[in-house]
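Naming convention: chains lettered A, B, ... in sequence-line order (proteins, then strands); numbering from 1 in each chain.
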Amino acid sequence: MAYEVNTPVFDGPFDLLLHLILQEEVDIHEVSLLRIVEAYLVEVQRMQTFDIEIATEFLLIAATLVELKTRRLLPGKADMDLDEELALWEERDLLLARLLDCKTFKDVAGVFSELVEKAGLSFARMAGPDERFAELMPDLLEGVTPVRLQRAFMRAVQPKPPTTIDLYHVAPIRASVAEALMELLDELPSLGRVTFAQLTEAIHDRIAVVCRFLAILELYKQGRVDLEQSDKFGDIQVLWTGGNDVGFEAVFNIDDYEG
Amino acid sequence: MSDEETEISADIVRALEGILLVAMEPVDPTLLAQLLEQPLAVVEGLCERLSMAYAEAGHGFQLVKVAGGYRFQSHPDVSAYVERFVLDSQHARISSAALETLAIIAYKQPLSRQQVASIRGVDPDAVMRTLQARGYITEVSRDDGPGQAILFGTTAMFLERLGLDSLASLPPIADFVPPAEVVEALEQGLRIVPSNPMGASRNEVEG
Amino acid sequence: MSDEETEISADIVRALEGILLVAMEPVDPTLLAQLLEQPLAVVEGLCERLSMAYAEAGHGFQLVKVAGGYRFQSHPDVSAYVERFVLDSQHARISSAALETLAIIAYKQPLSRQQVASIRGVDPDAVMRTLQARGYITEVSRDDGPGQAILFGTTAMFLERLGLDSLASLPPIADFVPPAEVVEALEQGLRIVPSNPMGASRNEVEG
């Protein structure tokens, strides 16, 4: 069942996570990761256009959450590699620090909003000197010819270049949830039962693995696969139940996620 | 005058002062009467009284009736200081943003601030105030629509500074077909409704 | 105070009022001191006294110090009337995303787009372009590092929009550090090992 979040559109993964932990007073421990992912997907579906940046950031955070969650399910036994363990603590601290930073500036923004509102009640005088001083006023149009004006007009009505998506702070994206979903729809029917490890053994990119994971969750939501996890740290078994009517509906549904 | 009348009147006087202070051009008393929801005669009386009160108090500004409207201006007595200030605050060149805005108004006049905003994609408020203060553009009319948006056009000074006889002498842009979105922006801008969809979309862009 | 001193001072006050009335943006007291040929402290004192005198007299305008300078503006009390008058130049709304981005830049400036991105968790490109187009932020320098990233900071217009005299009038960031219970809630939410037996038992149920 989808976790309903009745709030305005979220600005990003931190926004959503802050909301999940603070406003909704939901402990990540209690709410399964699946629910968080679903809450996010609900938000994504509500967006008019899919923002690959937000999705990517979310995937990175989702990956951290997966690790936290997995680790938490382990009842205190330290059979984890020490390096891995330290890396996980580090990631957790980093995530916590980012959330705190994000919360701090959200609160500042609230104060800014009040200041703007208060200042907005007054209107500045900007009329400038009257015509008695016109002679003294600098002629801003000195050197401006009619042709320059014409060129300025052309420049002004020129279509603006579309905002480029700058991927400076993330690794190049070689995968998307939509793509992963397409691939899985292609592979799964013939495989029947397969483990998540097998599905991702050829993939070395963490983002791509998370994409596949989210795609599996999406298929689960659509009722096309069953998921089984026999023991706590065990591999996830993916069982295709969707029959052979692969195609339009599933793909149509995920159109929203494409960049 | 009863106490209540005095009090109402004080509020109206304050509102009057506020409006006149932010006005870029002399304000027609008819418009003032409308905004303050007072009879024209009352508003005109208030303006005269304010004007006298400023003179008596010996302020460095005055309220005068010019070109059929009321406006604040600096007092002639302090002109020497104002001149110094004007000369001191010279900025020699026009910014490209200001030039583009001026060009849009020159070619598409009369048009509202909203329409300029929709073409330029940014809030032209500050730039337009500067252009207006410099006397290159002016309020030419108000839109018929419910919003009654102020429509702007260029001035005689603008033509003079560009060495043009009339707007017809501007280099033609007829052979240049503006992109569809500009045409659409202009058309939409002409249909001004209180909750302007263009305004909304600009907000979204920002978000 | 001698008669002569009082008289000089009255003239200076009038000149001050005249200059401030024709100014199109807040006037730096240093410039005022220069134009009026008075010590800075005297001019600042006069501005403060004028400001108080207007408030006491109950005018519909006020003299305020904003973005490092003095300016006339309409009184907040009469905003309802003034808004009617300036109907189509209302300040465009600032989205919450834009406000958050402004908050980060205001306190951490100068900083790069990437630094903003890492705090907000989303690409701030579109928002920052709008803020730049509106004149609230500007490119202030370049990073020394290999990428030579452009560093951004806030502008005088940002201060004006918030009605602040300077960045120093911003509330200290320490006031905004999330309280202990929030930190605890977040730590709980992100904890790696079950912190208590209750948690552990719920864990089993869930597992």
Side-chain angles (χ1 to χ4, degrees), chain B residues 10-23 27 31-32 34-36 57-62 72-75 77-82 84-86 88-89 97 112-114 117 120-123 125-126 128-130 133 143 147-150 192 196 199 202-207, chain C residues 10-25 27 31-32 34-37 50 53-54 57-62 72-98 126-127 129-135 157 160:
Chain B
D11 271 357
I12 296 297
V13 174
R14 299 187 83 196
L16 184 58
E17 282 184 306
I19 291 169
L20 291 170
L21 186 90
V22 303
V27 192
L31 177 59
L32 289 171
Q34 207 178 309
L35 293 167
L36 300 170
H59 283 297
F61 51 76
Q62 51 183 197
F72 273 110
Q73 63 179 37
S74 59
H75 197 288
D77 289 356
V78 298
S79 288
Y81 288 101
V82 174
R84 270 197 221 174
F85 173 69
V86 172
D88 195 272
S89 55
S112 70
R113 221 177 246 130
Q114 284 278 358
R120 292 217 60 236
V122 292
D123 187 7
D125 201 44
M128 285 180 70
R129 277 171 191 265
T130 306
D143 191 60
Q148 296 204 328
I150 298 165
I192 290 162
N196 196 305
R202 262 191 302 146
N203 281 344
E204 275 166 30
V205 168
E206 188 193 13
Chain C
D11 271 358
I12 296 297
V13 174
R14 300 186 82 196
L16 185 58
E17 282 183 307
I19 291 170
L20 291 171
L21 189 90
V22 303
M24 293 166 65
E25 46 193 41
V27 192
L31 175 59
L32 290 170
Q34 204 179 306
L35 295 168
L36 300 170
E37 292 167 351
L50 258 185
Y54 294 149
H59 284 297
F61 52 77
Q62 50 183 199
F72 273 112
Q73 65 180 33
S74 60
H75 198 288
D77 289 355
V78 297
S79 63
Y81 290 100
V82 178
E83 270 165 20
R84 276 193 221 171
F85 175 68
V86 292
L87 40 91
D88 70 344
S89 67
Q90 280 154 2
H91 302 302
R93 205 181 61 87
I94 307 181
S95 72
S96 63
V127 171
R129 272 169 206 252
T130 308
L131 290 174
Q132 205 176 352
R134 289 262 186 99
M157 204 183 286
E160 280 192 57

Counting only heavy atoms closer than 4.5 Å, note whether [X] contacts chain C via side chain, backbone, both or neither.
X	answer
B:L21	side chain
B:A57	neither
B:L32	neither

Review point. Can you tell which of C:V82, C:V78, C:V86 makes a side chain to side chain contact (heavy atoms under 4.5 Å, CB included) with B:I19?
Key: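 One option only clears the test, and that one is C:V82.
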Exercise for review: Go through the structure and list residues passing ring-ring contact (aromatic ring centres under 6.0 Å, His included) with C:Y54, not counting sequence neighbours.
Suggested key: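 So C:Y54 forms a ring-ring contact (aromatic ring centres under 6.0 Å, His included) with C:H59, C:F61, C:F72.
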Review point. Sub-3.5 Å donor-acceptor pair from the side chain of B:R113 to the main-chain atoms of B:D125, do we have one?
Key: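 Such a contact is absent between B:R113 side chain and B:D125 backbone.
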Check your understanding: Pick from C:Q73, C:E37, C:Q62, C:M157: which one has the most heavy-atom pairs with chain B under 4.5 Å?
Key ->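 Sorted descending by pairs with chain B, the first entry is C:E37.
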Practice item. May I ask you to name which of C:L50, C:V27, C:L16, C:D77 has the most heavy-atom pairs under 4.5 Å with chain B? Key: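 Greatest number of close heavy-atom pairs with chain B: C:D77.
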Check your understanding: Based on non-hydrogen pairs under 4.5 Å, which of B:A97, B:G60, B:S74 is most in contact with chain C?
Key ->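 Most heavy-atom pairs under 4.5 Å with chain C: B:G60.
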Point to revise | Atom pair CZ/OG of C:R84 and C:S79 - distance to nearest 0.5 Å | key: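 Answer rounded to 0.5 Å: 11.0 Å.
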Review point. Relative to chain B, which segment of C:L36 carries a heavy atom at a distance below 4.5 Å: side chain, backbone, both, or neither?
Key: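 Backbone plus side chain of C:L36, per the 4.5 Å heavy-atom cut-off to chain B.
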Review point. What residues, two or more places apart in sequence or in another chain, satisfy side chain to side chain contact (heavy atoms under 4.5 Å, CB included) together with C:Q132?
Key: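 C:I137, C:E139, C:F152.
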Check your understanding: How close do B:E17 and C:G58 get, heavy atom to heavy atom, and via which atoms?
Key ->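 Taking every non-hydrogen atom into account, OE1-O, 4.5 Å.
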